[in-house]
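The structure displayed is predicted, hence computed values, not measured ones. Below, chain A is the first sequence line, B the second, and so on; all start at residue 1.
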Protein chains: 2
Amino acid sequence: MNSVPPNPNSNSTAASTGGVAGASAGAAAAPSPTFSPLYQQIKALITQSLQSGEWKPGELIPSEVELANRFKVSQGTVRKAIDELAAENLVMRKQGKGTFVSTHHEARAHFRFLRLMPDEGVPHYPESKFIEVKRMRAPADVARLLDLKSGDAVIFIKRVQSFDGVPTIVEELWLPGVTFKGLTAERLVEYKGPMYGLFESEFGTRMIRATEKIRAVCAGAEDAQLLHIPADTPLLASERVSFTYGDKAVELRRGLYSTERHHYHNELN
Amino acid sequence: MNSVPPNPNSNSTAASTGGVAGASAGAAAAPSPTFSPLYQQIKALITQSLQSGEWKPGELIPSEVELANRFKVSQGTVRKAIDELAAENLVMRKQGKGTFVSTHHEARAHFRFLRLMPDEGVPHYPESKFIEVKRMRAPADVARLLDLKSGDAVIFIKRVQSFDGVPTIVEELWLPGVTFKGLTAERLVEYKGPMYGLFESEFGTRMIRATEKIRAVCAGAEDAQLLHIPADTPLLASERVSFTYGDKAVELRRGLYSTERHHYHNELN
DNA sequence: GAGTGGTCTAGACCACTCC
DNA sequence: GAGTGGTCTAGACCACTCC
């Protein structure tokens, strides 16, 4: 419980002394060129526990004092580690209650990755209609973006999402077959709520960040039909790659967004 | 030098005791419903100095130790205040050198607000060609977004931006006439570098954040001509409102982006 | 060597939650 | 009242920059 687990950095004073980690305790050590502060090492250890599922999404993690005892560092050092994890949305702090593992089963998480907002009214989550779910071999471009080999097994999903009954998004997804083994159309259809919640609960894969590229395109005949709009209507085309722990790409999503009554919202800081 | 300036919060222990601010020094004070921690008050004071121009963009601000002495708080409290200012890109810390006021005259600042990236090659800043610069009365929609009254004086700018000689962006800007009094076409044309650098240096107005709404549209005849593309080509339409200190809206910018060889890039965290 | 921000500790007390 | 995260202090030492 209070031993320091395998440590990614070799210059950990906590690990090397195995005890109270005065910053100067191991002062003889060379000012290593790969210096990594103690709180970064603690952060990595906590991240490992998150990734391994020691603490599951939605659960309370040990208190700062408890973690400080476990890792033999001060509470301040644990705080600084957790500060960064909270800034990255991996955990959520609640004063008086504790620190919780973030989860996609939660209202506030639903719009972290979906930035399409209604022009009028409050945002709400769309309903999904699945058009196609199948296993296939990864085309070259998909394989490249998901860090797979061309021809590796992937799961392909096509769906339409509607707000208030108005079809607004046509989306194609590719998922690595190995990671999402056992994902079926039935499971997708019966599951209510955001897909990332399903991935998190049933496949132990939590999306933690994504990159997105956006263009303008004209609707093709098939997509226009699915969205109930004239062909050649301009649409936003988003290509999004989502990553889980360790910067591993685990989803490619290509979406077409109708911006008749919605817009893509962004904050620039 | 070491007196505490007017304070936005009434429960400042630093202000009320006028001296060493032990968190418990004024312990008799009610657990006020508008509690604001000391570091937030210090942050507000530093922000005031930034806004007033006491420290100008690009300049070094006083060291943490000096600020701690000035405000009669510990260095740790100043650090926490500056941490947040750095996270908001208002200042930049450089270890061993000090903390500098952020400026738009700087490579890294150029792409904070312009998210259009080339599909191939490294990002670089576009050249501008000004189509029109005039003073006018604010239309209702512009007035609303800039927090002006309909008919108030605004400066209108229309320009085309090109990457490697390829026209890619058509942009219309509206600026409050009062804030940007004296801005002329000549000054814009002769100024090399990003417009926000000019605004910062010549008008004392620094853009610190923006909100953006993006849609897909079809190019009209006039815009198609400016961008050397066929009419009805799909384009990204961005509407951006930029804010300076105090969340004051000081620019409305409507841009049309060709996404033939570029894409809008976003990171979702 | 002097000055800067960066890390780390130990200890005190606060606001908030739950009982 | 006990437990949690949140704030604040004072002091030590570190990495880095500039001279």
Contact list for [range], test salt bridge (charged side-chain N to carboxylate O under 4.0 Å, His left out), sequence neighbours left out:
| range | answer |
| --- | --- |
| residues 104-127 of chain A | A/D119-B/R215 |
| residues 35-56 of chain A | A/K43-A/E84, A/K43-A/E88, A/E54-A/R70 |
| residues 74-83 of chain A | A/E64-A/R79, A/D83-A/R93 |

If I take atom [atom1] in residue [X] and atom [atom2] in nucleotide [N], what distance separates them, rounded to the nearest angstrom?
| X | N | atom1 | atom2 | value |
| --- | --- | --- | --- | --- |
| A/Y39 | D/dC14 | OH | P | 18 Å |
| B/N69 | D/dT9 | CG | C1' | 14 Å |
| B/F100 | D/dC16 | CZ | C1' | 13 Å |
| A/E66 | D/dA2 | CD | C1' | 15 Å |
| B/F35 | D/dG5 | CZ | P | 17 Å |
| A/E84 | C/dT7 | CD | P | 8 Å |
| B/K43 | D/dT7 | NZ | C1' | 15 Å |

With rounding to the nearest 0.5 angstrom, report the CZ to CG distance, A/R187 to A/L198.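 Rounded to the nearest 0.5 Å, the CZ-CG separation comes out at 5.5 Å.
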Apply ring-ring contact (aromatic ring centres under 6.0 Å, His included) to [X] and list each qualifying residue two or more places apart in sequence or on a separate chain.
| X | result |
| --- | --- |
| A/Y245 | none |
| B/Y191 | none |
| A/F111 | none |
| A/H110 | A/Y125 |

Report the residue from A/V250, A/L183, A/T179, A/L175 that forms a side chain to side chain contact (heavy atoms under 4.5 Å, CB included) with A/F203. A/L183
B/R93 vs C/dG6: side-chain N/O to OP1/OP2 distance below 4.0 Å: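 Checking B/R93 against C/dG6: at least one side-chain N or O falls below 4.0 Å of OP1 or OP2.
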Examine C/dG5: is either OP1 or OP2 under 4.0 Å from a nitrogen or oxygen in the side chain of B/T99? Give yes or no.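 It does, given that an N or O in the side chain of B/T99 lies less than 4.0 Å from OP1 or OP2 of C/dG5.
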I'd like a list of close polar pairs between nucleotides 17-19 of chain C and the protein, N/O only, cut-off under 3.5 Å.
unit_1, atom_1, unit_2, atom_2, d
C/dC18, OP1, A/K97, NZ, 3.2

Do B/E267 and A/T211 pair up side chain to side chain, a donor and an acceptor below 3.5 Å, judged on atom types alone? no
Please say whether the positively charged group of A/K213, taken as NZ for Lys or CZ for Arg, lies over the ring of B/Y264, i.e. under 6.0 angstrom from the six-membered ring centre and within 45 degrees of the axis. no
Here's one to test your reading of the geometry: is the NZ or CZ of A/K248 within 45 degrees of the ring axis of A/F243 and under 6.0 Å from its centre?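 That pair does not qualify as a cation-pi contact.
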Helical stems, DNA chain C - three or more consecutive Watson-Crick or G-U wobble pairs below 3.5 Å: C:1-18 with D:1-18
Heavy atoms within less than 4.0 Å of DNA chain C: which residues of residues 75-83 of chain A have one? Give them sorted by number.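 Within residues 75-83 of chain A, the residues near DNA chain C are A/T77, A/K80.
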When you measure from every atom of DNA chain D, which of residues 54-64 of chain B have a heavy atom less than 4.0 Å away? none
Are the aromatic rings of B/H262 and B/Y257 close, with centres under 6.0 Å apart? no
Can you identify which nucleotide, out of D/dC8, D/dG5, C/dC8, has its nearest atom closest to the B/L38 side chain? D/dC8
Excluding sequence neighbours, so at least two apart, what forms side-chain hydrogen bond (donor to acceptor under 3.5 Å, both in side chains) with A/T99?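 With sequence neighbours excluded, A/T99 shows a side-chain hydrogen bond (donor to acceptor under 3.5 Å, both in side chains) to no residue whatsoever.
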